Protein chains: 2
Amino acid sequence: MSLTRVQNFSISLDGFGTGEGQSQNAHFGHAGDRLHEWMFATRRWDQSSGSGGVDDAFVRQFSSGIGAEIMGAGKFGHPGWHEDPEWKGAWGPNPPFHTPVFVLTHHPRPSIEMEGGTTFHFIDASPAEALATAQQAAGGQDIRIGGGPTVVRNFLAAGLIDHMHIVVVPILLGRGVRLWDGLEGLEKDYRIEVTSSPSGVTHVTFTRVGVRSQP
Amino acid sequence: MSLTRVQNFSISLDGFGTGEGQSQNAHFGHAGDRLHEWMFATRRWDQSSGSGGVDDAFVRQFSSGIGAEIMGAGKFGHPGWHEDPEWKGAWGPNPPFHTPVFVLTHHPRPSIEMEGGTTFHFIDASPAEALATAQQAAGGQDIRIGGGPTVVRNFLAAGLIDHMHIVVVPILLGRGVRLWDGLEGLEKDYRIEVTSSPSGVTHVTFTRVGVRSQP
């Protein structure tokens, strides 16, 4: 069974998945790199001196069993990217996805094939429609919902997420885009576990009750 | 040195310290008892079958070294309690504070002496003024800021909290009163530690850098 998953999605202690003032030079606005420093301190990213503990164990699930990603327009690029027909995304020539990636946008354009197996497709679709499209491209593997916070929240509200890994970083951003708004009672459908890490972050996993994972 | 502390203050995963719709019969509104079930499952509260682990260790710091509490009007009683001159609070004849308690209210009334050492005093004061008043009554011991979320937030915003123990309960309330609003950058002044408990809750402690605790 193909699951729909969220992996390594970082939020601040006050619940913001991105800061305010996003731009081409500040992908997460005033949050800067602070939501993701924990990730780059793992052995997966820093092979010589990174930590090999619980953060690393979680971070390595990012690609495992994933056949496609769905992301929001704001993850693909800065506000207004759709006005530049040559724009190929904020992720460099070899993006870290290595699968088909479906970008939700009201401004679809032709697909872009990148190095390393990533192909960006642009669709104007509801969460359920986007998921059906991604599943067709994923060869039976899982779908990763890549964010930003509005996209994750919309998929949660639509009841489409099977497994979710949230990382709470001990900072207070004060402003930006919240993950949790409007999700009252979400816990009823999930087994929730919380694991604090020596690095200071906290891993919160939501596993849908009754869903069968791949071995 | 007398510290200003927050102990056992529970919030939902989405940051609400109380639910919506508070009334005389629903002290935490639609949250019901869900924010505090973890506490009543400790050995401190259930001496015969409660858990003696990390939740119990934290919960027992509630009274330790405390000489007075400051609480908001909404913790003392339901909305509108000030219209009843006989109202003695929502905490029964022997409230669990056992010290002077300063209730912040725009409707001061004469002090009320309860059983067990709790005396309620009613003051219309800023956080700094209330703290000075409570310190005079505390005999050199620490002051507990008892909540609700607006009161804790106001004391944090005023820079008056030295030590804070927050308990994150893995539920999403969706609505109510948030603790974290408007506290951007709070982490700069504190050492923050996070400890997940087998019970499912997470203890988050803020300890002000450079403050000396009692031994």
Side-chain angles (χ1 to χ4, degrees), chain A residues 9 11-17 19-21 29-32 34-35 37-38 54-55 58 149 152-153 156-157 161 164 166-176 178-207, chain B residues 9 11-17 19-21 29-32 34-35 37-38 54-55 58 149 152-153 156-157 161 164 166-176 178-207:
Chain A
F9 193 81
I11 63 175
S12 61
L13 196 52
D14 50 351
F16 294 99
E20 205 173 66
H30 82 293
R34 291 179 290 163
L35 289 174
E37 284 167 354
W38 71 271
V54 63
D55 296 347
F58 273 111
V152 174
R153 189 190 326 122
L156 285 169
I161 303 290
M164 180 164 71
I166 300 293
V167 184
V168 182
V169 178
I171 60 174
L172 283 98
L173 289 176
R175 52 206 163 95
R178 293 183 195 278
L179 174 61
W180 297 125
D181 277 4
L183 296 173
E184 178 181 346
L186 187 67
E187 71 277 5
K188 292 191 189 76
D189 296 328
Y190 295 92
R191 174 168 174 177
I192 302 178
E193 287 190 28
V194 184
T195 307
S196 48
S197 163
S199 72
V201 304
T202 308
H203 301 275
V204 187
T205 52
F206 290 65
T207 309
Chain B
F9 193 81
I11 62 174
S12 62
L13 194 53
D14 48 351
F16 294 99
E20 206 174 65
H30 82 291
R34 290 178 290 163
L35 289 174
E37 285 167 354
W38 71 271
V54 62
D55 296 347
F58 274 110
V152 174
R153 191 191 323 124
L156 285 168
I161 303 290
M164 179 164 71
I166 300 294
V167 184
V168 182
V169 179
I171 60 174
L172 284 99
L173 289 176
R175 53 208 163 94
R178 293 182 195 277
L179 174 61
W180 297 125
D181 277 3
L183 296 173
E184 178 181 347
L186 187 67
E187 70 277 5
K188 291 191 189 74
D189 296 329
Y190 295 91
R191 173 166 173 181
I192 302 178
E193 287 192 28
V194 183
T195 307
S196 49
S197 164
S199 71
V201 304
T202 307
H203 301 275
V204 187
T205 53
F206 291 64
T207 309

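Just so we're on the same page: letters track the sequence lines, and every chain starts at 1. Predicted model only: the values in this text are computed from it and were never measured. These numbers come from the heavy atoms of this one structure, side chains and all, not from hydrogens, waters or symmetry mates.
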Between A:Leu173, A:Ile192, A:Ile11, A:Asp181, the one whose heavy-atom pairs under 4.5 Å with chain B are most numerous: A:Leu173
Between A:Ile166, A:Val201, A:Leu13, the one whose heavy-atom pairs under 4.5 Å with chain B are most numerous: A:Leu13
Residue pair A:Pro198 / A:Val54: nearest heavy atoms and the distance that separates them: CD-CG1, 4.3 Å
Taking every non-hydrogen atom, the tightest pair across A:Asp14 and A:Gly174: OD2-N, 2.7 Å
Donor-acceptor contact below 3.5 Å, side chain B:Glu20 vs main chain B:His30: no
Nearest-0.5 Å distance, CD1 of residue A:Ile161 to CZ of residue A:Arg153: 12.5 Å
Toward chain A, the part of [X] with a non-hydrogen atom under 4.5 Å:
X        : value
B:Arg34  : side chain
B:Phe206 : side chain
B:Leu183 : both
B:His203 : neither

Sort out for me which of [options] touches chain A most, counting heavy-atom pairs under 4.5 Å.
options                                : answer
B:Val168, B:Val204, B:Thr202           : B:Thr202
B:Gly182, B:Gly15, B:Ser12, B:Pro170   : B:Pro170
B:Arg178, B:Glu193, B:Arg175, B:Lys188 : B:Arg178

B:Phe58 vs B:Val167 side-chain heavy atoms within contact, under 4.5 Å: no
Side chain to side chain contact (heavy atoms under 4.5 Å, CB included) partner of B:Pro149, the single match among B:Phe16, B:Phe9, B:Trp180: B:Phe9
A:Ile171 versus chain B, the contacting section by heavy-atom distance below 4.5 Å: both
